[in-house]
Amino acid sequence: MIDLLFIVALTLTEIHFGVPLMYYWYAKTKWLPKPWNIKTDKNYTPKVTIIIPTYREAKLIENRLDNIYNQNYPKELIEIIVIDSGSDDETPVIVEKWASKHKNINLKLIKEKERKGKANALNHALKYTTSNIVITADVDATWPSNALREALRWFRDPAVGAVSCLKGPTHSGPVGVEEGYRHYYNILRIAESKAYSTPIFHGELAAFRKKLLKKLGGFPTDIGSDDSHTATLIALMGYRSITPETLWIKEIVPRKGYHAWRIRRAQHLVQHFQKILKKAIIKTSKRNNGEAIKTFKTILAIEEYLHLANPWILAIAIILLLIDTLVFNSFSALITLLLGLTLLSIKKYRVWITQQFHLITATLKNAWSKEIIWNKQAKQLD
Ligand code: GDD
Ligand code: MN
């Protein structure tokens, strides 16, 4: 008798692994080699406002400010706004001290009494910004000294609405998993950016044209993914949201609670894609339907599929294989399951499976907490 359950499970497994592999192959061969088609200028140095949101960052904030101070960018063109949401540690005091020692750079500290989350704080800070370009800078990130120049040169072209970075972990925490995950993702980010725009941004360095932020009414406060969501809306407005291949930053990966951290971030990404999906269904867009926007809609559709549906296809396949093994004594199902387990010894495969597990857990967790205000993860510099 044909083992129908097994055939269905196998087909689902093929879809689960096949779609992302095909997308990766397509993006890498068709989009990645493309020219940017953006007029950039290395000597373009506009005035810029860097917003640093802080919540209990006493350990890291001084380093972060030093890191920005050491950018090879004219200091008189930099405005720093630190927006602190009622930290009960030394954060605000350290910032004030730092400012008094570095009078040749313009720094404003805004202290909120109550903590309402990162996006809320960014919107609050936005009111005080005096430049046309605004960059968000998380405290746990370290930029190379040319990061500002690398990010800002793209804004010479009016077609560019937002620029973000690629991420690599600093050497603390479970770097292996994080690096493996980043490789695949970084290639996709660059390829999508070259094709038109990428729907995934990183708040560790995310630069936006202020006029577009204003049009959007600021960063979204009902979902966690302020960075990616804003970038996607800007791309849908007809501007490019890109992550250039030359702009890399380092991010501290927590040693403890790595999975909880990744799940929370996955929760935010899921919220972002769900919200975009709803919008796209409600507004069957009559607006700007150029080639570029069409490409972006394809990118969005695939990324939505990869984040919202694909992990579940794997989960269903595993359940079917288990039923087939336990209830129907299927030998093929058992072998497939064992093969799946054995492959976990290969790092790339393990990284992928971990990510699927994070996305599934994230979607379930979103049902009871959206984690718009999140616990501080213990992080430290090496
Ligand atoms: N003012 C303020 N108020 N700042 C906050 C708050 C808040 O309630 N919560 C967090 N922050 C600050 C942190 O101090 C840090 O500088 C930055 O926001 C990012 O917080 P992390 O705790 O490092 O979060 P993450 O790295 O896991 O978050 C990532 O995902 C988020 C969305 O999913 C980053 O990419 C964020 O940029 C992104 O917003
Ligand atoms: Mn962070």
Side-chain angles (χ1 to χ4, degrees), residues 50-65 67-68 80-89 91-92 94-95 108-126 128 135-143 164-167 169-170 172-173 178 182 185 189 199-208 219-232 243 249-254 257-273 275 307 358-359 362 365-366 370-381:
I50 301 173
I51 305 181
I52 310 179
T54 61
Y55 178 68
R56 290 195 185 158
E57 296 286 7
K59 264 195 205 151
L60 299 174
I61 186 64
E62 194 174 351
N63 261 300
R64 190 71 194 91
L65 291 169
N67 180 242
I68 289 174
I80 303 175
I81 301 185
V82 178
I83 174 105
D84 184 79
S85 302
S87 295
D88 49 7
D89 64 0
T91 309
I94 297 171
V95 173
K108 279 189 202 113
L109 167 66
I110 305 165
K111 295 190 235 180
E112 296 188 311
K113 282 213 180 79
E114 198 190 332
R115 185 182 184 201
K116 291 187 200 141
K118 181 192 163 195
N120 213 289
L122 292 179
N123 287 339
H124 185 180
L126 220 45
Y128 297 85
I135 303 193
T136 68
D138 290 355
V139 178
D140 56 358
T142 309
W143 297 353
S164 188
C165 57
L166 303 169
K167 289 204 280 194
T170 55
S172 56
E178 191 64 17
R182 284 284 154 221
Y185 273 75
R189 294 298 79 77
I200 298 181
F201 255 41
H202 303 305
E204 287 76 12
L205 190 170
F208 303 97
F219 295 93
T221 50
D222 57 332
I223 56 168
S225 199
D226 51 87
D227 37 16
S228 299
H229 201 68
T230 307
T232 303
T243 58
I249 62 104
K250 291 271 180 203
E251 172 188 33
I252 308 174
V253 173
Y258 172 76
H259 291 284
W261 175 69
R262 283 290 306 276
I263 287 165
R264 179 195 8 103
R265 289 159 67 128
Q267 279 185 264
H268 292 170
L269 268 186
V270 166
Q271 289 162 17
H272 155 51
F273 282 117
K275 192 163 180 194
H307 287 84
H358 288 154
L359 283 166
K365 250 189 115 183
N366 270 339
K370 286 172 90 185
E371 297 282 333
I372 307 280
I373 298 177
W374 56 84
N375 282 335
K376 173 104 219 91
Q377 218 97 32
K379 287 183 175 182
Q380 61 188 81
L381 287 165

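Just follow the structure's listing: the first ligand is 1, and inside any ligand the first atom is 1. The structure presented is a predicted model; accordingly, all values stated were derived computationally and were not measured. Residue numbers count from 1 along this sequence.
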Near Gly203 (heavy-atom distance under 4.0 Å), the atoms of ligand 1 are 35 (O), 37 (O)

Verify the distance criterion only: is there a donor paired with an acceptor across the side chains of Thr91 and Glu57 at less than 3.5 Å?
-> no

Kindly identify the option in Trp261, Trp374, Phe201, Phe219 whose heavy atom sits closest to atom 20 (O) of ligand 1.
-> Trp374

Numbered in order shown, the ligand 1 atoms found under 4.0 Å of a heavy atom of Ser85 are 1 (N), 2 (C), 3 (N), 7 (C)

Salt-bridge present (Lys118, Asp138; N to O < 4.0 Å) = yes

Using 30° and 60° as the class limits, which term best fits the ring planes of Tyr258 and His358: parallel, tilted or perpendicular?
-> perpendicular

Mark up the atoms of ligand 1 that fall under 4.0 Å of a heavy atom belonging to Asp140, in ascending order.
-> 23 (O), 26 (O)

Could you list which atoms of ligand 1 come closer than 4.0 Å to a heavy atom of Gly224?
-> 32 (C), 33 (O)

Just give me the atom name: the N, O or S atom of Asp140 closest to the Mn ion (ligand 2).
-> OD2

Judged by heavy atoms only, the candidate from His124, Lys118, Arg265 nearest atom 26 (O) of ligand 1 is Arg265

Check each atom of ligand 1 against the heavy atoms of Ile83 and keep those under 4.0 Å away; list them by number with element.
-> 1 (N)

For ligand 1, which atoms have a heavy atom of Gly117 less than 4.0 angstrom away?
-> 3 (N), 7 (C), 8 (O)

From the Mn ion (ligand 2) out to just under 2.8 Å, does an N/O/S atom of Asp138 turn up?
-> no

May I ask you to check whether Thr54 and Asp84 show a side-chain donor-acceptor distance below 3.5 Å?
-> yes

